[in-house]
Amino acid sequence: MTTCPSSPRRSFTRAAYRCQCLERTLQDETFPVKVVAFDFDETLTLITYLIEDGDSEEVQKQIVKTNFQTPWVKGSRIEHLQSMLKALAISKSGKRRALAVLTKNYAGAKAVHNLLHVSGLASCFDAIWALPTGGLYRCKDEWHEMCTPNVCHKADLLALVAESPHEFFPQLGSDAFEDMGPLKMEGIVLVDDQRANFQSPSGNQVLRFCKVARYDGYYRNLGYVKNMGGIGAHCFEDYETLKMFVEEPSTYKETLHLHCVERHFERSSEQHPVELIIFDFDETLTLATFMPSDPTFEEISWDLPSLEGSDWTAEDLLTYNFESPFCSGSRLQALKAMLEDLSKRYVLAILSRNDRGAVAVLNLLRLAQLADFFAAIWTMPFRQQVSCGAWKADAAWHVFEAPLLEVPDEKTEILYHIVENSGKWFPQMEDSGQSSGNLGEDGPLFWTDLFHRNIFTTFG
Ligand SMILES: [Mg+2]
C-alpha cells in the first residue's frame, strides 16, 4: 500500500465566514433594487430541519432554534433577520421593495412557509417560490397559493420575474402593495449560499447578488456538520452589508482590485501623515495560508532544514502562500518591492487572527524574505501555549507577551489600545528610551487622529 501525500491544509481563514455582495457589469447601474429574493436552505437557515405533522410545540421550538439561531453571534438571529428584512422592505427614498423566498427545497413552498411562520419570519416576505413549480404570495396577513412556471434554475425564474413581476407578486397594485413599476434583472438581488444559482446554463445571469458563506463546524448536539450556512451566522456585519448593498449596489462592483477608504473624522482636514501600517496576514499577505504541521514551526529557533522529511518543501510553501496563478510575474517579488518601499517611510506591523501564533507567521515571512520589513507581529486570540507577539530589534526577532488580555478580542479594539499604549505593543520603543508609551510626539490628541487616519490597516 502506498501512502498518499497529504494535501495542503489551510491553517486559517476568517474571510470565509462573511457574505459577499457583488454587482456584475451591467447596463443600467442607476436602476434601483426593487426585489430581494432569498434562498431558504443555508441562507435563511443555518441548516434545515423541516417541521413534520404531529411535531409537538416543544419539538417545533427546538427545530426553529436549530434552523435559525446561531451559537456564534450574540443575540437572537431571528430578531436580527426580522429587523434586516423590515429595513430591506423600504428603500431610503421610501419605496416599498418586494421580498421573496426562492427555494429548491424538495418539500415545497408550504413546508417552507410553515417553518417561516413558526419562526416569526413569514410576515417579512411577500412571496415564496419553490422550484421547479409552486408558490405562495401574501396579501396583508393572508397567504394564497399561486402557479409559477416550471423552471429549474433560479436565474431563469428571476429572468421571468423581471419580465412580468405581476405574475409572481399577484398582490402588486392592490391596497396591500403599491405597484413597483417596470422591473429589470438589475432590479433583483438574489441572496444565496450557492454560487451556481447566480448563473444559469441558459445564459441568464443574476446581476446583483449576495453570496452567503458556507462553512463546516461542530453544531449544537449534531456533531461535526459540513456545508452549513446562514446569513449572519458568524458575522453580525452581514446584515448591514446586505442593507448597504441593496441600497447602493453600484458601490459593490465586481472587481478584484483592493479598495482603500478614509472615513470622515474630526480634524481629518489637517491631513496628518500615516505613520504606521498594520497588515492582516491570512488572505491579505498570503492568498491562503499553508504552514507545516510540525509544532517546531511555532518556535523562533525553527530553520529551513526542519522541513526535511516533512510534507512541505520551501518552494511549495512559497508558491502556495504567496504566488498568484492569476497574474503574470512573481507576486512575491512585487509584494517584497512594495513592502520594502513602504518600510522606508512607515512602521509596518502585522495583526492577524491566526491560531499558530506570531512565531509561525514570522517563520513563514522569514522563509519568504519578507520579515525584515516588519517591526512587530501580533496574533489573536490570546493563547497560553503559543507566543502571540514578536518584535524586531537590529534584525533579530524576540518573542514577547502582547497585551492581548487587556483588550477585547477584536481588531478595532486592539487598534485603539495600540494608539494609547504603543510601548506595550512595540517593546523596541521602551528599549530605545521612548518610554512615554506612545510612538508619536504630539501627545494624546495626535493619537486620536492617528487612529482615524494615520493607521492604515488591511483586514482580511
Ligand atoms: Mg441554499
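In each ligand, atom 1 is the first atom listed, and ligand 1 is the first ligand listed. As the structure is a prediction and not an experimental result, all values here were calculated from the model. Here, residue 1 is the first one in the sequence, and each next residue gets the next number.
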Atom name in Asp39, limited to N/O/S, at shortest distance from the Mg ion (ligand 1): OD2
Considering only NZ, NE, NH1 and NH2 on the basic side and carboxylate oxygens on the acidic side, decide whether Glu145 and Lys110 come within less than 4.0 Å. yes
NZ/NE/NH1/NH2 to OD/OE distance under 4.0 Å, Arg208 and Glu29: no
Kindly give the atom name of the N, O or S atom of Asp193 closest to the Mg ion (ligand 1). OD1
Measure from the Mg ion (ligand 1) to every N/O/S atom of Asp41 and report the name of the nearest one. O
Hey, does Leu172 have a side-chain heavy atom less than 4.5 Å from the side chain of Pro165? yes
Is it the case that the side chains of Asp193 and Thr43 hold a donor-acceptor pair, with the cut-off being a distance below 3.5 Å and no angle test? yes
